[in-house]
Amino acid sequence: MTSGIPQLSLYNTLTRKKEAFVPIDAGNVRVYACGPTVYDFAHIGNGRMAIVFDLLFRLLRQVYGADHVTYVRNITDVDDKINARAARDFPGLDLNEAIRKVTEKTAAQYQSDVTALGCLEPTVQPRATDNIEGMQSLITALISRSHAYEANGEVLFEVGSMPDYGKLSGRNPEDNLAGARVAVDAHKKNPADFVLWKQSSADEPGWDSPWGRGRPGWHIECSAMSERYLGQLFDIHGGGLDLIFPHHENEIAQSRCAHGTHAMANVWMHNGFLQVEGEKMSKSVGNFFTIAQLLETEDFGGRKWAGEVLRLAMLMTHYREPIDFTVRRLEEAEGKLRSWQQAAVGYSDADHEPDASVMAELADDLSFHRASVALDVIARKAGRDGGEQARNCLAATLAFLGFSSDSLLAVDDSADTAGIHAAIAERLAAFANKDFATADRIRAELAEQGIALMDSKDPQTGERRTKWEIKR
RNA sequence: GGCCUCGUGGCGGAGUGGUGACGCAGCGGAUUGCAAAUCCGCGUACUCCGGUUCAAUUCCGGACGAGGCCUCCA
């Protein structure tokens, strides 16, 4: 374990309290996060989940060592929405072929999206379709332990067989019935019972099983994949707030009842939702944006946004709080990141640990926003006394957090670097002759190309120095 | 209807039973040939109503407001 790292504390949805985090095995800290269902491009809400758990992953790696953390983020590639999308987009193709096309395309896009958002690759990214066997053995175990039953061609989990059902979400089956929106099916013993396995028609994707050719229900996948890679009991399970019920509740029911364990994961973490410009993101309101759209089109705010800016905009607010995603927020994030990069650019993160106060804030339930105050302090310190130590520390801390030290300052391919440097040299020569008119003309010409100049004095010699950057 | 969050200044966003974090924007100053950048300094807030207390933005109760879940939405 790296020295000097404070105790981690994490908010646990299961207890609704912040608790000291104690890993089951400090030699292998195990985290599972519910990843996307790949029926369409990921939207920015999906991006928040990826970023939040990436930050957790990075923190755990720093505390316990990079080789002592296993982070599993699954890809759900069997789902009725995928089937529908496949049938819609590839009507001529064989369904299985069409499904493969849909999931491959969207999974690849997801990878590139979250990479742009500065997320490390998880240790394992299992696919549901590679884990059908594991799901089937879980279902078999549930049936033999009398927690599941076959009815009407389906295998259903019997909610009434588990006294703890509803503990995570703080609700009981009676509460749910009050909403009167739970589908009442004659074949269910209890309306809240949920599907573990369902039959597939000839033109639906299916796998052979003791219960006929069919496909898994919507929750059993995560139980199977987490068991395979993390074991029957692991440390942290995460996802979006909306997954608490029913998805995570049902995962717990399946895993615990199949294994006869007292818990599935010790800590349950859920990230908050985001709104866009004050309203819930939805296609009908017209404020629905995919990650790719923000990165590559000018649909949001009339311009493109760097992945790191989106990342910072997400992290500026604590992960459990709601975020109102706005153009102004992105502009603020961009300004903040640029100011950090200006202080860190050119300095190395090698051989430097992330700043201790930043680590301490993150260790307290991922309080990134307070950590960012520490970054402001370091950046200002570096600006004030030009301290190399501060700059190196800042660069190392930015790298740790998933930010580069120069991405927003990097030279645009279209900029004529040599020409700019020549113009700056010419301007400095004009100064030598007190020819301010020429100097100002050169500055104005560069400004027209979007190049901003900043003069400073060398603290030692008093000599004029000129920096430049591309202004939008 | 049930369950769960949350309500801080122009904006973002911490935090605390008693000296008004921090950032952006704004204002003043230093510096500068002029700018920009940088540095120094300043201002404005705790949804409302009760209660507890010597003292509440902070604790308790209520109201109002916002958001989420109650079907496969991060």
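Labels below follow one simple rule: chain letters A, B, ... track the order of the sequence lines, proteins then strands, and each chain is numbered from 1.
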Within this structure, what is the [atom1]-to-[atom2] distance between [X] and [N], rounded to whole angstrom?
X      : N     : atom1 : atom2 : value
A:D440 : B:U32 : CG    : C1'   : 12 Å
A:N271 : B:U5  : CG    : P     : 17 Å
A:Y319 : B:G13 : OH    : P     : 17 Å

Under 4.0 Å, counting only non-hydrogen atoms across every strand here, what does [X] touch: a base, just sugar-phosphate, or nothing?
X      : answer
A:T37  : nothing
A:Q342 : nothing
A:L453 : base
A:G272 : base

So does [X] get a side-chain nitrogen or oxygen closer than 4.0 Å to the phosphate oxygens (OP1/OP2) of [N]?
X      : N     : answer
A:R370 : B:G15 : yes
A:T317 : B:G13 : yes
A:R380 : B:C22 : no
A:K280 : B:C69 : yes
A:R465 : B:A37 : no

Practice item. Determine if A:F273 stacks with B:G67; use a centre-to-centre distance below 5.5 Å and an interplanar angle below 30° as the criteria. Key: no

Review point. Can we call the ring centroids of A:H219 and A:H248 under 6.0 Å apart?
Key: no

**Study point:** Counterpart base for B:G23, defined by Watson-Crick or G-U wobble contacts under 3.5 Å
**Key:** B:C11

Spacing of the [atom1] atoms in [M] and [N] (rounded, Å):
N     : M     : atom1 : result
B:C64 : B:A55 : C1'   : 27 Å
B:U44 : B:C11 : C1'   : 13 Å
B:A25 : B:U32 : C1'   : 24 Å

Check your understanding: Are A:R311 and A:D54 within salt-bridge range, i.e. N to O under 4.0 Å?
Key -> yes

Point to revise | A:E19 and A:S9 side chains, donor-acceptor separation under 3.5 Å | key: no

Exercise for review: Considering non-hydrogen atoms only, spot the tightest contact between A:M281 and A:G45 and give its length.
Suggested key: CE-N, 3.9 Å

Point to revise | Among B:G33, B:A21, B:A36, the one nearest A:H369 by side-chain distance | key: B:A21

Check your understanding: Cationic tip of A:K17 within the cone over A:Y11's six-membered ring, i.e. under 6.0 Å and within 45° of the normal?
Key -> no

